[in-house]
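Below: the structure, in structure tokens.
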Number of protein chains: 2
Amino acid sequence: MASIGQRNRLQYIILGLLNQRPQTGYDLAKAFENEIGEFWQAQHSQIYPLLRRMEAAGEITHEDTVAGEKLAKKQYTLTPSGHDKLVAWVSEPSPELTPSKDEFILKLYFIKTDTDPRIQPMLREQLRLHQTQLDHLESRRKTVFSTDDAKEQAYGHYLILDHAIERERDYVAWLTKYLTD
Amino acid sequence: MASIGQRNRLQYIILGLLNQRPQTGYDLAKAFENEIGEFWQAQHSQIYPLLRRMEAAGEITHEDTVAGEKLAKKQYTLTPSGHDKLVAWVSEPSPELTPSKDEFILKLYFIKTDTDPRIQPMLREQLRLHQTQLDHLESRRKTVFSTDDAKEQAYGHYLILDHAIERERDYVAWLTKYLTD
DNA sequence: CTTAAACATGTAATTAATTACATGTTTTAA
DNA sequence: TTAAAACATGTAATTAATTACATGTTTAAG
């Protein structure tokens with residue numbers, strides 16, 4: 001048990017999020033709908049069992065609280081051991097060259113000729129999709145990082161948003177390159 | 001069984017590959033080490049069982065051949081039903097906005113201040129990694145698509161390589177933006 | 001007031017994917 | 001000629017991840 005070999009990166013992300021502030025499983029799940037979601041995904045059904053295992057391993061602890069009359073909440077915090085583990089993860093090299101997946105590009109791949117009538121509508125559909133996402137990300141940057149101060153206060157958040165924006169921008173540019181109208 | 005709901009995109013990629021030419025499971029696994037590997041990954045241990053299931057479902061068939069004295073090979077080909085399924089997949093919309101993962105970006109995210117001494121070495125390490133990958137992809141494009149003819153003969157292959165190159169180029173540019181030396 | 005959305009926590013079932021185990025043949029280079 | 005690399009096919013064990021099931025509370029809007 002606890003052997004090396006299986007990566008389980010989610011646990012490190014949870015450690016990182018809890019290092020920012022104590023949070024509930026629900027809060028953590030929410031984080032994956034916002035900026036983190038651009039670079040990692042997880043559902044609450046994956047998070048709750050993992051929190052249990054991490055607590056059993058002594059990396060986090062929780063405190064039971066009650067919101068309102070009787071809504072039970074578990075606020076999780078890092079233990080010193082969990083904090084050590086987080087620091088070790090950030091410091092270790094990341095030589096993986098993230099294996100990424102893209103179903104749309106593969107569909108294009110299986111279209112043999114550049115005159116196939118399906119190509120242009122497909123490109124347009126993807127352009128709409130990525131343009132929408134880009135607009136959404138840019139407007140979020142405008143509201144969240146309106147001041148230089150905000151940028152300094154949450155540098156990691158700024159970086160991750162900037163990277164997501166660049167990624168979408170570049171995807172849009174690539175699609176546009178092959179659009180003929 | 002065979003319900004909708006679970007995506008299983010690998011089967012479509014296999015259909016697409018077999019549509020290009022009849023191939024063995026080994027050949028298919030190899031394809032994921034080359035251009036396809038930039039956008040999808042699969043090991044032979046995932047491929048062989050899936051080929052079985054797809055054959056049972058009537059989407060592909062195989063022919064036993066022998067290489068040399070006694071090396072058994074199974075050449076798989078599409079059935080008409082499998083071909084229909086491939087065409088339907090390519091034609092259906094791809095509104096998923098591919099959930100992607102990036103461990104390195106997340107590590108940066110958990111570093112709070114822009115003066116943290118770990119940031120610059122981390123950026124340099126990633127730059128080296130992505131620059132190497134970019135060089136590799138560009139040299140492959142140079143050798144495989146030296147003529148316009150080659151480009152027309154395998155347009156899908158060209159597209160997928162071009163997209164991979166752009167992606168790496170942009171990643172390198174983004175990393176460089178935050179490097180201070 | 002009432003109802004829908006958001007808050008909050010879990011488990012069950014299933015599928016996707018990786019790593020390891022297992023075996024044998026053919027080709028190529030030293 | 002011999003050893004390593006590539007060819008070729010599978011299964012087993014485990015982990016990661018998604019979808020669905022299941023229940024209850026609090027808040028905000030109409």
Side-chain angles (χ1 to χ4, degrees), chain A residues 1-14 22-34 36-37 39-57 60 62-76 96 98-101 103, chain B residues 1-14 22-34 36-37 39-57 60 62-76 96 98-101 103:
Chain A
M1 72 281 271
S3 76
I4 206 86
Q6 226 52 14
R7 304 295 281 99
N8 190 8
R9 293 160 174 97
L10 180 57
Q11 67 178 318
Y12 299 109
I13 298 168
I14 289 177
Q23 291 182 74
T24 65
Y26 185 87
D27 294 331
L28 294 170
K30 275 262 148 170
F32 289 94
E33 289 168 22
N34 303 319
I36 295 243
F39 301 102
W40 208 269
Q41 299 78 40
Q43 278 72 41
H44 76 271
S45 59
Q46 200 184 356
I47 291 167
Y48 285 118
L50 183 52
L51 285 171
R52 264 193 165 215
R53 277 159 52 204
M54 290 169 72
E55 186 162 39
I60 59 176
H62 81 269
E63 196 186 339
D64 287 308
T65 62
V66 175
E69 285 297 296
K70 51 180 167 177
L71 183 60
K73 283 211 223 186
K74 293 184 180 178
Q75 288 280 338
Y76 285 93
E96 302 83 31
T98 306
S100 62
K101 307 201 160 180
E103 191 177 2
Chain B
M1 72 278 274
S3 76
I4 206 86
Q6 226 51 17
R7 303 297 280 99
N8 189 8
R9 292 159 174 100
L10 180 56
Q11 68 180 317
Y12 299 109
I13 298 168
I14 288 176
Q23 292 181 74
T24 65
Y26 185 87
D27 294 331
L28 293 171
K30 274 262 150 170
F32 288 94
E33 290 168 23
N34 303 318
I36 295 241
F39 300 102
W40 208 268
Q41 300 78 41
Q43 278 73 41
H44 75 271
S45 58
Q46 200 185 354
I47 292 167
Y48 286 119
L50 182 53
L51 285 171
R52 265 194 165 212
R53 276 159 51 204
M54 290 170 72
E55 186 162 39
I60 59 176
H62 81 269
E63 196 185 339
D64 287 307
T65 62
V66 175
E69 286 296 297
K70 51 177 165 174
L71 182 61
K73 284 209 223 188
K74 294 185 179 176
Q75 289 279 337
Y76 285 93
E96 300 84 30
T98 306
S100 63
K101 307 200 161 182
E103 191 178 2

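Just so we're on the same page: letters track the sequence lines, and every chain starts at 1. These numbers come from a predicted model, not from an experiment.
Distance CD (B/Gln41) to P (C/dT18): 7 Å, rounded to an integer number of Å. The distance from atom CZ of B/Arg52 to atom C1' of D/dG10 is 9 Å, rounded to the nearest whole Å. When the C1' atom of C/dT9 is taken as reference, atom NZ of A/Lys74 falls 8 Å away, rounded to whole Å. B/Lys101 places its NZ atom 8 Å from the C1' atom of D/dA16, with the value rounded to the nearest Å. Protein atom NE2 of B/His62 is 13 Å distant from nucleotide atom C1' of D/dA8, rounded to whole Å. The interatomic distance linking B/Arg53 (CZ) with C/dA17 (P) rounds to 11 Å, in whole Å. If you take CD of A/Gln46 and C1' of C/dA13, they are 15 Å apart, rounded to a whole angstrom. Atom CD of B/Glu69 is separated from atom P of D/dA8 by 16 Å (rounded to the nearest Å).
The phosphate of C/dA17 has neither OP1 nor OP2 within less than 4.0 Å of any side-chain N or O from B/Gln43. OP1 or OP2 of D/dC7 has at least one side-chain nitrogen or oxygen of B/Lys30 nearer than 4.0 Å. The phosphate of C/dT9 (OP1 or OP2) has a side-chain N or O of A/Tyr48 nearer than 4.0 angstrom.
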Tell me, with the steps shown, if A/Glu55 and A/His62 meet side-chain hydrogen bond (donor to acceptor under 3.5 Å, both in side chains).
CA-CA 8 Å; A/Glu55 186 162 39; A/His62 81 269; 2.8 Å; yes

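Taking for each of A/Asp27 and B/Lys70 the nucleotide of DNA chain C with the nearest heavy atom, the 5'-most of the two is the partner of A/Asp27. Where A/Val66 and B/Pro49 each meet DNA chain D at their nearest nucleotide, the meeting point lying more 5' is that of B/Pro49. With DNA chain D read from its 5' end, the first of the two nearest nucleotides for B/Ala67 and B/Pro99 is the one closest to B/Ala67.
For A/Leu71, taking side-chain heavy atoms from C-beta onward, the closest of the listed nucleotides D/dG24, C/dA16, C/dG10 is D/dG24. Picking from D/dT9, D/dA12, C/dC7 the nucleotide with the shortest atom distance to the side chain of B/Lys73 gives D/dT9. Each of C/dG10, C/dA20, D/dT18 was ranked by its minimum atom distance to the side chain of A/His44; first place goes to C/dG10.
Ion pair A/Glu63/A/Lys73 not flagged as a salt bridge, since none of the NZ, NE, NH1 or NH2 atoms sits closer than 4.0 Å to an Asp/Glu carboxylate oxygen.
You'll find the side chain of B/Tyr76 stays beyond 4.5 Å of the side chain of B/Ile14, heavy atoms only. In this structure, the side chains of B/Trp40 and B/Arg9 come closer than 4.5 Å at one or more pairs of heavy atoms.
The line from CG of A/Asn8 to CE of A/Met54 is 8.0 Å long, rounded to the nearest 0.5 Å.
Between the side chain of B/Thr24 and the base of D/dT9 there is no donor-acceptor pair of N/O atoms closer than 3.5 Å.
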